[in-house]
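Computed over heavy atoms, backbone and side chain alike; hydrogens, waters and symmetry mates excluded. Sequence lines set the chain letters: A, B, ... in the order given, protein chains first and strands last, and positions in each chain run from 1.
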Amino acid sequence: MAEDTCKHTWKITDTRDGFIVAEKCFHCSQVREYFASERTPPKEEYREGPHYYNYMTSAQTIQFNLRCDKCGKVVALRNLMAIMQCEHCTEDCPLHLISRTAEEQKMWVFGALCYAAPDGSEGTLDLEQLLALNEFFNARLKSPGKKILILPSAFRASASDCKAIILTDVGLLPEEDEE
Amino acid sequence: MRVAELMQKVNLTPLNGIHDKEIVGGLVTDMVSDVMASGQAGNIWVTVQTHKKVIAAANLVDVAAVVITQGKNMDSDVLQAADKAEITVFSTTLPSWDLVGELYALGIRISPYGQPA
């Protein structure tokens, strides 16, 4: 079937085990997160431009792509580190406001946590990636009226202050950090 | 089979309100990434994990119920989140292995996705 006319049936494919690692610059306090596919999370200090990054924490997670069972189209999600759910920690946070509003309609809002952009701002997914992710998770739902909305985590007010639940695996490896 | 019927048959202890959904297969894992990748709506999820990520992942995939094995419990704020998401949480003193044996005997099988990606 042609990709452009296909009503996609997405499945997770190309899973890759690894860690989401958080680091902080001890000069400017900038926090950044990335996915590491090493067997253990890297904890070395290093300098990058004006920043001196120090390891903060890590948790086990997976990366994946989505593949359509009907047409074979693959949407790569290598810039997606994890999915998170708003914990409503900050009253004026846009993600909190959207989540609270949507929950009244039985719509559950999740954030797609991506690599930071080169300027340090939050990374984001493009429209094709967001559509595929939303189609994948909504296609599986059975509860009447329930919907899932996945938005870029860039909607949150502050990456450093955000207390969202990040869907990572905990308590499974000896070298893991306490959360 | 629905959640309330399963509770009676396997003698599960509810930790929050009963949200009586239809059960479609089962999933046994302590990794939320497994649930995201292999879980399916309507699954009964057997785990020893008790943190809030369990409910967030269960909600994302729309599982029917979560069963915490080995007599473990969940904090009240986690159970409140489960109620809000209309997900029943049960506890059992059985280890996961024994519980899955009972679920299998009742005809509950691995979810149709149910395979590693």
Side-chain angles (χ1 to χ4, degrees), chain A residues 9-20 59-67 69 80 82-88 99-100 103-104 106-111 133-134 136-150 163-173 178-179, chain B residues 1-3 19-25 27 29-45 47-65 68 70 72 74-75 77-78 80-88 111-117:
Chain A
T9 302
W10 300 110
K11 291 276 177 68
I12 282 183
T13 187
D14 308 324
T15 55
R16 193 162 62 130
D17 296 322
F19 297 86
I20 178 170
Q60 195 178 12
T61 186
I62 58 166
Q63 279 196 324
F64 58 88
N65 296 329
L66 292 173
R67 182 181 186 280
D69 257 4
L80 174 66
I83 291 174
M84 59 183 220
Q85 187 171 26
C86 177
E87 267 284 77
H88 310 294
S99 298
R100 272 281 186 262
E103 282 170 17
E104 296 298 316
K106 292 188 75 170
M107 180 183 285
W108 296 91
V109 175
F110 290 81
L133 261 184
N134 278 284
F136 170 67
F137 284 111
N138 278 288
R140 304 201 283 191
L141 301 179
K142 287 195 186 301
S143 295
K146 180 173 180 175
K147 285 191 169 59
I148 298 290
L149 176 62
I150 299 180
K163 304 283 191 296
I165 303 167
I166 300 175
L167 294 182
T168 53
D169 296 312
V170 293
L172 299 167
L173 296 173
E178 293 283 328
E179 286 217 317
Chain B
M1 186 183 302
R2 299 184 74 86
V3 166
H19 305 281
D20 198 19
K21 299 178 181 177
E22 185 71 27
I23 294 170
V24 184
L27 186 73
T29 181
D30 297 322
M31 300 176 72
V32 296
S33 56
D34 268 354
V35 175
M36 286 170 54
S38 304
Q40 193 194 25
N43 278 176
I44 182 159
W45 176 12
T47 181
V48 294
Q49 298 279 13
T50 61
H51 48 72
K52 222 169 187 176
K53 294 171 194 275
V54 169
I55 302 305
N59 190 18
L60 180 64
V61 177
D62 198 21
V63 306
I68 312 297
Q70 300 179 15
K72 294 190 175 191
M74 273 185 171
D75 291 340
D77 63 324
V78 184
Q80 280 175 15
D83 269 329
K84 197 172 166 189
E86 299 180 348
I87 295 167
T88 311
S111 70
Y113 276 176
Q115 306 294 331

A:Lys146/B:Glu86 salt bridge by N-O under 4.0 Å criterion: no
Side chain / backbone / both / neither for [X] at chain A, heavy atoms under 4.5 Å:
X	answer
B:Lys52	both
B:Ala81	neither
B:Val54	neither
B:His51	side chain

How far apart are the closest heavy atoms of [X] and [Y], and which atoms are they?
X	Y	answer
A:Ile62	B:Ala37	CD1-CB, 4.3 Å
B:Leu60	A:Leu167	CD2-CD1, 3.8 Å
B:Asn59	A:Gln85	ND2-NE2, 3.6 Å

Note, B:Asp62 side chain near A:Arg140 side chain (heavy atom, < 4.5 Å): no
Once rounded to the nearest 0.5 Å, what's the spacing between atom [atom1] of [X] and atom [atom2] of [Y]?
X	Y	atom1	atom2	value
A:Lys142	B:Glu22	NZ	CD	9.5 Å
B:Met36	A:Ile83	CE	CD1	4.0 Å
B:Ser33	A:Gln63	OG	CD	12.0 Å

Can you check whether A:Asp169's main-chain N or O pairs, donor with acceptor, with B:Lys53's side chain at less than 3.5 Å? no
Interchain contact, A:Ile165 with chain B, by part (heavy-atom threshold 4.5 Å): side chain
